[in-house]
Amino acid sequence: MARRKKVYEGKAKILYEGPEPGTFVQYFKDDATAFNAQKKDIIDGKGVLNNRLSEYFMTGLAQIGVPTHFLKRLNMREQLIRQVEIIPLEVIVRNYAAGTMSERLGLEEGTQLPRPIVEFCLKDDNLGDPLVSEEHIIAFGWAAQQDLDDMIALALRVNDFMSGCMFGVGIRLVDFKIEIGRVWEGDFQRLIIADEISPDSCRLWDMETGEKLDKDVFRRDLGDLADAYTEVARRLGVLPSNVTHATKPTLIN
Ligand code: C5P
């Protein structure tokens with residue numbers, strides 16, 4: 001059988017040519033990286049969890065009318081997605097101070113922000129994905145003013161949806177990152193959510209205990225990353241608990 005063509009390999013995912021024009025197959029790897037890939041490891045099962053979780057969030061977003069690249073899950077590690085032109089910006093939404101915002105502004109982690117704050121970083125590993133302003137984005141032509149307005153509106157809708165999903169299972173959505181792509185319909189372009197939405201790209205804290213259930217567990221050596229992601233999946237009902245822990249057979253009368 002002819003090997004399918006690899007289109008792109010990133011730190012946590014691989015894109016292959018899809019079965020039809022305008023589609024890709026997105027493969028989720030077990031690789032975990034942090035600090036611009038200075039820290040690396042393989043976390044068994046991470047790719048499987050992120051494939052399922054990203055499917056869950058993207059499907060839910062589509063149901064409330066937020067367009068995404070997700071078409072369908074193909075197997076444990078792969079999903080079929082729409083091909084998009086990725087806008088070279090990481091869109092970060094923050095509800096509570098943490099991470100680089102806490103460092104930059106001297107805010108204690110966990111401080112509630114006056115309102116959700118949207119930030120943009122230029123996607124450039126060589127530069128360490130620097131924070132950029134809307135002025136930079138327009139002046140350098142990374143996106144147009146209309147795109148920016150649409151990106152902010154999309155990001156805030158994703159924030160409301162994700163905050164609600166997480167609130168329902170006792171988890172605080174501290175912040176997250178999304179990527180947005182363009183699709184063309186004739187001469188018209190539309191922006192849709194691309195890449196992935198998973199605990200790799202969110203900060204998720206247990207509301208009662210403050211326990212971290214996201215990639216900070218790996219970044220800060222706080223424990224077992226796969227256990228943290230499994231807990232998120234279990235609470236959301238994405239992985240039934242008997243998949244991870246074998247149970248005794250029961251007699252059916
Ligand atoms: O590191 P920082 O505090 O700026 O991260 C904000 C949010 O964006 C976190 O949820 C982090 O996981 C996510 N992020 C990401 N990929 C990056 C940078 C940040 O998913 N390259």
Identify the heavy atoms of [X] and [Y] that sit nearest to each other, and give their distance.
X    : Y    : result
C202 : F176 : SG-CB, 3.8 Å
S102 : E109 : OG-CG, 3.5 Å
L131 : C121 : CA-SG, 3.9 Å

Value rounded to 0.5 Å, distance of [atom1] in [X] from [atom2] in [Y]:
X    : Y    : atom1 : atom2 : answer
Q79  : F28  : CD    : CZ    : 4.0 Å
E231 : R234 : CD    : CZ    : 4.0 Å
I192 : L61  : CD1   : CG    : 11.5 Å
I14  : Y27  : CD1   : OH    : 6.5 Å
I171 : E211 : CD1   : CD    : 9.5 Å
I86  : Y8   : CD1   : OH    : 9.0 Å

I want to check something: taking the side chain as every heavy atom from C-beta on, are [X] and [Y] in contact at a cut-off of under 4.5 Å?
X    : Y    : result
W184 : E85  : yes
L122 : D129 : no
D124 : P88  : no
L204 : K212 : no
H69  : F24  : no
N95  : D175 : no
M58  : I81  : no
V66  : F161 : no

Problem set entry | Positive for side-chain contact (heavy atoms from CB on, under 4.5 Å) with I193, one of I197, D195, L191 |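 Among I197, D195, L191, the one meeting side-chain contact (heavy atoms from CB on, under 4.5 Å) with I193 is I197.
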For this session: Using side-chain contact (heavy atoms from CB on, under 4.5 Å) as the criterion, point out the one residue from V174, N159, T100 that pairs with R94.
Result: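 Option passing the side-chain contact (heavy atoms from CB on, under 4.5 Å) with R94: T100.
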[Y]/[X] salt bridge by N-O under 4.0 Å criterion:
X    : Y    : answer
E78  : K72  : no
D214 : R203 : no
D150 : R190 : no
E179 : K123 : yes
D125 : K11  : yes
R220 : D216 : yes
K13  : D200 : no
K29  : E9   : yes
R77  : D30  : yes

Problem set entry | Side chains of D147 and Q189, donor plus acceptor under 3.5 Å |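 Checked: D147/Q189 side chains pair up, N/O donor to acceptor below 3.5 Å.
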Exercise. Will you find, in the side chains of D206 and T209, an N or O donor that is under 3.5 Å from an N or O acceptor?
Worked result: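 Judged by distance alone, the side chains do pair up.
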Exercise. Within 45° of the ring axis of Y96 and under 6.0 Å from its six-membered ring centre, is that where the NZ or CZ of R172 lies?
Worked result: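 Yes, cation above the ring, under 6.0 Å and within 45°.
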Problem set entry | Y16 six-ring face occupied by R4 cation (under 6.0 Å, within 45°) |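 Yes, R4 and Y16 form such a contact.
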[X], [atom1]: over 12 other non-hydrogen atoms inside 6.0 angstrom:
X    : atom1 : answer
M76  : CE    : no
E185 : CD    : yes
F35  : CZ    : yes
K39  : NZ    : yes
R115 : CZ    : no

Exercise. Could you go step by step and tell me if E135 and S133 meet the side-chain hydrogen bond (donor to acceptor under 3.5 Å, both in side chains) rule?
Worked result: CA-CA 5 Å; E135 278 279 287; S133 70; over 6 Å; no
Are any side-chain N or O atoms of [X] and backbone N or O atoms of [Y], one a donor and one an acceptor, separated by less than 3.5 Å?
X    : Y    : result
S54  : N51  : no
R235 : M166 : no
S163 : D160 : no
D224 : A226 : yes

Exercise. Does the pair E20 and R82 meet the rule for a salt bridge (charged side-chain N to carboxylate O under 4.0 Å, His left out), with working shown?
Worked result: CA-CA 10 Å; E20 309 201 3; R82 281 187 75 171; over 6 Å; no
